[in-house]
Amino acid sequence: MAEQKRLGYRVVGTIKSVKGTCSAGHKEGDKLELSAHDTAGLCGFLYHDVYPYLLMLQFGGSFPAEWGDQDVITLECMDKWNLVTIELRRTRE
């Protein structure tokens, strides 16, 4: 497969915590470089939940200043029994 040029900003997802057992095998501390075209191995359910925020970060949007850091958001998996928490961070490189 041909290597694609990165579009927009780099977005890194860091698994911050796992309550219970993640069925996709995600572990606290895992880092994944995500994009609109690459799930980087992130569980489909969690990718579905983070996708709108990922697109916004990747293509230059920002969160309201009242939320804190405009380049970072923390989100949770829909499986509340085996809750995975992920932080998305845009890097400006």
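As a basis for the values below, the full set of heavy atoms in this structure was taken, side chains included, without hydrogen atoms, waters or symmetry mates. The first residue in the sequence is number 1, and the count goes up from there. In this text the structure is predicted, and so the values were computed from the model without any measurement.
- Under the 4.5 Å side-chain heavy-atom criterion for grouping Ile, Leu, Val, Met, Phe, Trp and Tyr, Leu88 is connected to Phe59 within one hydrophobic cluster.
- We find the CD-CG distance between Gln70 and Leu57 to be 10.5 Å, quoted to the nearest 0.5 Å.
- Residues Val84 and Tyr51 share a hydrophobic cluster, clusters being chains of Ile/Leu/Val/Met/Phe/Trp/Tyr side chains in contact below 4.5 Å.
- Rounding to the nearest 0.5 angstrom, the gap separating the CG atom in Leu54 from the CD1 atom in Ile73 is 11.5 Å.
- Between the side chain of His26 and the backbone N or O of Ile15, no donor-acceptor pair lies under 3.5 Å.
- Met56 and Leu75 end up in the same hydrophobic cluster when Ile, Leu, Val, Met, Phe, Trp and Tyr side chains are linked at under 4.5 Å.
- Looking at Phe63 and Asp69, their side chains never come closer than 4.5 Å, going by heavy atoms from C-beta outward.
- In the hydrophobic clustering of ILVMFWY residues, with side-chain heavy atoms under 4.5 Å counting as a link, Leu46 and Leu83 come out apart.
- When atom types are taken as modelled, the side chain of Arg89 and the backbone of Thr14 share no donor-acceptor pair closer than 3.5 angstrom.
- Side-chain atoms of Arg10 do not come within 3.5 Å of backbone N or O of Thr91 as any donor-acceptor pair.
- Formation of a donor-acceptor pair under 3.5 Å by the Gln58 side chain with backbone atoms of Tyr9 is not found in this model.
- Between the side chain of Asp38 and the backbone N or O of Ser35 there is no donor-acceptor pair closer than 3.5 Å.
- Grouping the Ile, Leu, Val, Met, Phe, Trp and Tyr side chains by contacts below 4.5 angstrom, directly or via other members, places Val50 apart from Val12.
- Taking every heavy atom of both residues into account, Asp71 and Arg90 meet most closely at OD1-NH2, 2.6 Å.
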| Ile86 and Asp49: CA distance, side-chain angles, deciding distance, side-chain contact (heavy atoms from CB on, under 4.5 Å) verdict | CA-CA 11 Å; Ile86 188 170; Asp49 286 351; over 6 Å; no
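- Without hydrogens or angle criteria, Asn82 side chain to Cys22 main chain gives no donor-acceptor distance under 3.5 Å.
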(message) With side-chain contact (heavy atoms from CB on, under 4.5 Å) as the criterion, how do Val11 and Tyr53 come out once you've worked through the C-alpha distance, each side chain's angles and the decisive distance to 0.1 Å?
(response) CA-CA 10 Å; Val11 179; Tyr53 303 97; over 6 Å; no
